[in-house]
Structures are given as structure tokens and as C-alpha cells.
Amino acid sequence: MTSETSRLMEAMDGIIDDSVTPIRTRSLFHRLIDSFKRTASLQNPSTIKMNAMGAEESDTKAGLHRTLKNRHLQMIAIGGSIGTGLFVGSGSALASGGPAALVLDFAIIGFMLFNVCMALGELAVIFPISGSFTIYGSRFLDPAWGFAMGWNYTLSWLTVMPLELTAAGIVIDYWGDTFNLGIWITIFLVILLIINLFGVRGYGEVELYMSIIKILALIGFIILGIVLTVGGGPTHEFLGGKYWHDPGAFADGFKGVCSVFVTAAFAFNGTELVGLAAAETENPQKTIPRATKQVFWRITFFYIVSLTLVGCLVPYTSPRLLQKSSSYDASASPFVIAMENAGIKVLPSIFNAVILCAVLSVANSSVYGASRTLCGLADVGQAPKIFAYVDRKGRPLTAVALSMLVGLVAYVNCAEVGIQVFNWLLAISGLSAFFTWGSICACHIMFRRAWKVQGHTLDELVFKAPFGIWGSVFGLLLNILCLIAQFYIAIFPQGDRPNADLFFQAYLAAPIILLFYLVRKIWKKTPFMTPTTVDLVTGRRFIDTVESIAEERAERRAWPWWRKMYFFLC
């Protein structure tokens with residue numbers, strides 16, 4: 001065996017399976033082919049036997065591998081949702097609502113997300129199942145609602161995939177329009193395919209390094225922003241709160257505040273992926289609680305602090321905020337505008353490279369989110385069984401293949417009708433986040449009620465949401481208020497008259513979700529769940545007994561105060 005062949009076989013070790021025949025007795029080709037075969041018969045922990053409740057009983061076998069490590073999950077939690085919504089989308093939000101509305105809305109959505117993630121963390125620790133929160137809807141609320149939420153979430157990520165491929169090409173155009181957009185789409189599509197051939201470890205490793213890049217960039221911008229605000233930039237102009245007074249804190253009053261909610265939700269979209277990754281996490285009991293706690297720091301430090309500085313450095317009347325070619329035009333990023341207004345020459349290009357990393361990170365997450373959700377739906381009979389296929393390396397191959405095929409829609413942007421097509425594709429999933437987050441809160445409320453009614457105590461829970469059931473009630477109400485605010489903006493759009501096209505582009509997701517729910521409800525005659533009928537057994541982790549939890553808590557009580565504080569915060 002040549003040294004070149006040996007190195008190639010080592011490089012392919014993350015893709016191919018060598019569990020059946022020793023490496024040296026099998027060719028690289030045969031090992032590669034065998035890795036795509038169906039996994040050994042393992043009972044899927046996500047299986048929900050709901051025949052008695054009006055839904056299908058699944059006997060599908062699955063083998064998603066628990067190979068995501070603590071370092072992967074921590075970085076996914078901290079930097080997973082930091083993307084173009086923050087780097088670029090915040091520019092249109094600043095122009096629509098002003099700096100006060102920008103900070104206020106992001107803080108409201110952030111606090112809501114804190115409660116959502118705490119609720120999701122509690123559920124994911126005790127039920128680390130494939131499909132996660134989309135399956136929780138079937139278990140705790142109504143199988144028809146879980147079906148609607150699962151397909152809503154899948155469609156939202158499927159539509160994001162081609163958008164991000166296109167966006168990556170648009171971001172590169174910042175340095176000059178040298179190549180056709182279709183060339184960049186092809187390159188990034190191939191890159192994403194290679195990443196996903198390495199399964200969940202490929203996703204985790206890419207997100208780890210992408211998150212590090214995004215976090216370092218934001219920390220650097222915060223330091224730079226403070227320096228520029230106090231007059232330490234090349235122009236030595238003290239800005240302080242100048243732009244909060246002139247042109248003002250609010251751009252369009254109440255309507256401006258309402259308009260920023262959806263942008264803020266888009267910026268936070270993907271936070272819930274921590275719960276989706278629970279089924280492939282090495283030790284969900286310890287890693288999920290730590291990951292969900294990181295949400296607080298991300299909200300406070302990275303979003304609120306950076307956006308407060310953006311409001312101090314860029315006036316909402318800046319024409320560049322509105323002169324963007326798309327939602328991913330880096331020249332319209334308030335972060336880039338702030339640097340260029342200060343007369344800094346090199347950093348804008350560096351930050352554009354960070355935006356490119358953020359775009360590819362979201363594209364990578366879209367493949368993961370869509371494929372795992374679709375696989376979970378297929379496991380419980382809510383999607384075609386073919387999407388439940390998992391190979392020996394733990395890859396849901398058919399679900400991943402569908403995600404990659406939908407990515408080909410990105411080539412539509414090479415035609416003149418591309419913008420119109422994508423506006424309607426985005427409309428399908430425009431409100432997805434609010435429905436997903438609200439559903440998670442409702443599931444947690446019903447879980448707590450069922451847990452009590454069926455004779456359990458909170459001492460049996462390894463991880464408890466800090467604000468308990470009331471945090472989820474607050475989170476659910478905020479999601480409903482955000483949907484109402486978006487409905488108001490859809491009927492009375494900013495700077496335009498009431499228009500049917502604008503209304504459905506802003507609110508099309510709601511009737512689609514309702515249609516999915518009603519059709520499934522009528523067809524399958526699914527029942528509403530009650531605290532006594534909720535299944536608290538299937539997929540539950542029984543290894544964590546009350547005794548082991550008590551021992552762990554007794555050990556924590558012996559820790560020094562600084563370690564207790566660190567554990568509480570992180």
C-alpha cells in the first residue's frame with residue numbers, strides 16, 4: 001500500500017464504515033459503499049407509539065450517532081444564530097425603527113428566546129429524541145399540530161438553503177463582480193455536500209470554527225465601537241448619543257417598533273437548533289443545560305451591546321441602509337457602514353469575510369435542521385418512510401439529499417424572475433420562528449402539567465427552566481404579540497398602502513400552517529392531548545434516578561462559591 005493511498009484512507013475514515021471487516025482486508029471503495037448502507041437495527045428513541053391517541057405507531061429503526069461533543073454544542077449555542085440577520089438585517093431594522101426600536105425589540109425577542117431555550121433545554125434533557133421540539137408538539141399538544149410544526153420547520157430551512165447559496169455569491173460581489181453568480185452557487189453547493197458527507201461531526205466541526213470567527217469579530221467590533229463612540233477614531237469626533245437625539249431614537253413611532261420584530265426574530269433564528277441536536281449529543285444531560293445557559297450571554301453581550309453601539313455610530317437616515325440590492329448586501333451592513341464612516345479602510349473587507357462565514361454557517365445549519373426534522377417526522381409516520389433512512393455513519397441520507405436538491409433552486413437567481421420567486425419562497429416560512437418558539441413554550445407548559453398530574457415531582461428533573469412554567473407562559477404570550485404586530489404591519493405596511501401582495505408576502509406562513517393542521521386533523525381525527533394522556537415514558541432517559549440527581553446536587557453544594565457561580569451562569 002502506497003503512502004498516498006494510506007493517507008487517503010485515513011482522510012476518508014470520517015465518511016466510511018470499517019466496523020464489519022478490518023481495514024486492511026477491504027478496499028477503500030467497498031468500505032465507502034458499505035458506509036451508505038442502512039444502519040444496524042436500533043430502536044429509535046424518538047419513536048412515539050400513539051395509536052391509542054389517534055396517530056400512527058412507528059416501527060422504524062434509526063441510528064443517529066451521538067457524536068456531538070460538549071465543545072460543539074457550546075459553540076453552536078453561543079454563535080449558532082449569529083448570522084446575516086444581525087450583521088446585515090439589523091441595517092434595515094435600524095432604518096425602519098430607529099436605534100431605540102432596534103435595541104428594544106431585540107431585547108424583547110432576546111428575553112423571550114431565553115425562556116424558550118430554557119424550556120427546550122428542560123425537555124431535551126429528559127427526552128433527547130430525534131426531531132426534538134417538532135415531535136414534542138405531537139406528544140404534548142396534538143399530533144396534527146406536531147405534524148404542522150414539523151413541516152413548517154422543515155420548509156423554513158429548505159427555503160433558507162437556496163437563499164444562503166445565493167447570498168454567499170452576493171457577499172463575494174463586495175470585492176468585485178468577477179464571476180457569474182451560478183459559479184459561486186455551484187462551488188458552495190459542493191462544499192456543503194462534502195461537509196454533510198461527514199455526518200453530524202462535519203456539521204459540528206464547521207459550526208465550531210465558524211462560531212469562533214463570528215464571536216471574535218463581534219468582540220472586536222464592540223471594542224472598536226466603544227473607541228469610535230468616545231472619539232478615539234481617525235476623525236476624533238465624539239459621537240456619544242448624538243444620533244439618538246438627531247435624527248432621533250424612533251424612526252416611525254409604534255409602526256416602526258412593530259416592523260423590527262420580524263427582523264429581530266430572523267436574527268435569532270436557529271437558536272433552537274441546540275434542542276434539535278440533543279439526539280446526536282454525546283452526553284445531553286450535562287451538555288444541553290450548559291448550552292442553553294449560554295443564550296443569556298449571547299443575547300446580552302453580542303446582540304444588545306453591539307446593536308447599541310451601531311445605533312450610536314450610524315444614523316437611521318443613512319441612505320446606504322436603504323440602498324441595498326438584497327438582504328445580504330454587505331455594503332448595507334451597519335457594521336461595515338460604521339467602519340467606513342470612521343475612515344477605516346481595511347476592516348470593512350475583513351468584516352465582509354466574516355459575513356461570508358456567517359452565510360455559509362446558516363446554509364450548513366439549514367441542511368442539518370431540515371434533514372434532522374424530516375428524519376424525525378418520518379420516524380413517527382408524519383413524512384414518507386424513505387426519509388427515515390439512516391446509514392451506518394449516522395447520516396439521514398435521503399433527508400440530506402432532499403435538502404441538497406432544493407438548494408438547486410438557487411440557480412433561479414441567475415434569471416430575471418429570481419427576486420420575485422425568492423420573495424414568495426421566503427413568505428412561506430416568514431413567520432416560522434414565532435410558531436416554532438410558541439409551540440415549544442406550549443409544550444413545556446403541558447409537560448409540566450402532565451408531570452405533576454401523573455405523580456412526578458420537580459426533584460426528578462435533572463435540569464429545570466429557571467422561571468418554570470411562568471417563563472413559558474410569558475414566552476408564549478410574547479410570541480402571540482409578535483404575530484399580532486406582524487399582522488398589523490402586513491395590513492398597513494410601512495411607506496405603502498394596503499396591498500394584497502405585500503400582505504401575503506408578510507403573512508403567508510400563517511394560513512399555510514393552518515392548512516397543514518386542519519387537513520391532518522380532519523384526515524387522521526387526532527385528539528387533543530390532556531395531562532393524563534400525555535406519554536411521559538417513550539424516549540425518556542430513565543438512567544437519571546432521583547438518587548443520582550440528589551448525589552450530584554450534594555456534590556455541587558460542596559463546591560466553593562466561585563465554582564457555584566460559574567456553574568449557575570455557564
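Scope of the values below: all heavy atoms of this structure, side chains included, with no hydrogens, waters or symmetry mates.
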Problem - Nearest atoms (heavy-atom pairs only) where Pro99 meets Leu94 - result: N-CD1, 3.5 Å
Handout entry: Heavy-atom pair with the smallest gap, counting every atom of Leu431 and Ala509
Key = N-CB, 3.8 Å
Problem - Distance, nearest 0.5 Å, that separates CZ of Phe87 from OG of Ser306 - result: 8.0 Å
Exercise for the section: Would you indicate whether the side-chain heavy atoms of Ile109 and Phe434 approach each other to under 4.5 Å? Expected result: yes
Exercise for the section: Please test Leu377 against Trp151 for side-chain contact (heavy atoms from CB on, under 4.5 Å), starting from the C-alpha separation and ending with a verdict. Expected result: CA-CA 8 Å; Leu377 289 173; Trp151 279 103; 4.0 Å; yes
Exercise for the section: For the pair Thr436 (side chain) and Ser432 (backbone), establish whether a donor and an acceptor sit closer than 3.5 Å, ignoring hydrogens and angles. Expected result: yes
Handout entry: Side chains of Leu189 and Trp184 in contact at under 4.5 Å (non-hydrogen atoms)
Key = no
Exercise for the section: Would you confirm whether Thr159, through its side chain, and Ser156, through its main-chain N or O, come within 3.5 Å as a donor-acceptor pair? Expected result: yes
Practice task
Please test Leu309 against Leu224 for side-chain contact (heavy atoms from CB on, under 4.5 Å), starting from the C-alpha separation and ending with a verdict.
Solution key: CA-CA 10 Å; Leu309 291 170; Leu224 175 65; over 6 Å; no
Practice task
Take Phe221 and Met339 through the test side-chain contact (heavy atoms from CB on, under 4.5 Å) and record every step on the way to the result.
Solution key: CA-CA 9 Å; Phe221 175 82; Met339 296 174 190; 3.8 Å; yes
Exercise for the section: Nearest 0.5 Å please: distance from the CG atom of Asn364 over to the CD1 atom of Ile195. Expected result: 5.0 Å
Practice task
Report the C-alpha separation of Phe335 and Ser90 in whole Å, then their side-chain angles, then the decisive distance to 0.1 Å, and conclude whether the side-chain contact (heavy atoms from CB on, under 4.5 Å) test is met.
Solution key: CA-CA 9 Å; Phe335 293 84; Ser90 58; 3.9 Å; yes
Exercise for the section: Starting at CG of Leu360, measure out to CD of Glu207 and round the result to the nearest 0.5 Å. Expected result: 10.0 Å
Handout entry: Straight-line distance of Asn196 CG to Leu397 CG, nearest 0.5 Å
Key = 10.5 Å
Practice task
Determine whether Phe387 and Thr154 make a side-chain contact, defined as any pair of heavy atoms from C-beta on separated by less than 4.5 Å.
Solution key: no
Practice task
Find the distance between CE (Met161) and OG (Ser365) and round it off to the nearest 0.5 Å.
Solution key: 11.5 Å
Problem - Residue among Ile108, Leu104, Asp105 satisfying side chain to side chain contact (heavy atoms under 4.5 Å, CB included) with Val260 - result: Asp105
Problem - Distance, nearest 0.5 Å, that separates CZ of Phe268 from CZ of Phe106 - result: 6.5 Å
Practice task
Could you check whether the rings of Phe140 and Phe447 sit parallel, tilted or perpendicular, using 30° and 60° as the cut-offs?
Solution key: perpendicular
Practice task
With sequence neighbours left out, write down each residue that passes side-chain hydrogen bond (donor to acceptor under 3.5 Å, both in side chains) with Asn341, or none if nothing qualifies.
Solution key: none
Exercise for the section: May I ask you to check whether Tyr153 and Phe435 place their ring centres under 6.0 Å from each other? Expected result: no
Distance-only donor-acceptor hits, side chain of residues 113-128, under 3.5 Å, sequence neighbours excluded:
residue: Asn115; atom: ND2; partner: Phe111; partner atom: O; Å: 3.0
residue: Glu122; atom: OE1; partner: His444; partner atom: NE2; Å: 3.2
residue: Glu122; atom: OE1; partner: Arg448; partner atom: NH2; Å: 2.9
residue: Glu122; atom: OE1; partner: Ala465; partner atom: N; Å: 2.8
residue: Glu122; atom: OE2; partner: His444; partner atom: NE2; Å: 3.0
residue: Glu122; atom: OE2; partner: Arg448; partner atom: NE; Å: 2.8

Problem - Smallest separation among heavy atoms of Ser96 and Ser259, with atom names - result: CB-OG, 3.5 Å
Practice task
For Ser366 and Glu164, test the side chains for any donor-to-acceptor distance below 3.5 angstrom and give the result as yes or no.
Solution key: no
Problem - Side-chain donor-acceptor contact under 3.5 Å, Tyr136 with Ser439 - result: no
Review item, side-chain donor-acceptor pairs of residues 399-408, under 3.5 Å, at least two apart:
residue: Ser403; atom: OG; partner: Ala399; partner atom: O; Å: 3.2

Practice task
Check Trp437 against Ala265 and note the closest heavy-atom contact, atom names and distance.
Solution key: CH2-O, 3.5 Å
Handout entry: Ala410 versus Leu165, closest heavy-atom pair with distance
Key = CB-CB, 4.0 Å
Exercise for the section: Please report the shortest heavy-atom distance between Leu313 and Gly225, naming the atom on each side. Expected result: CD1-CA, 3.9 Å
Handout entry: Validation row: Leu476, Ile440 side chains within 4.5 angstrom (heavy atoms)
Key = no
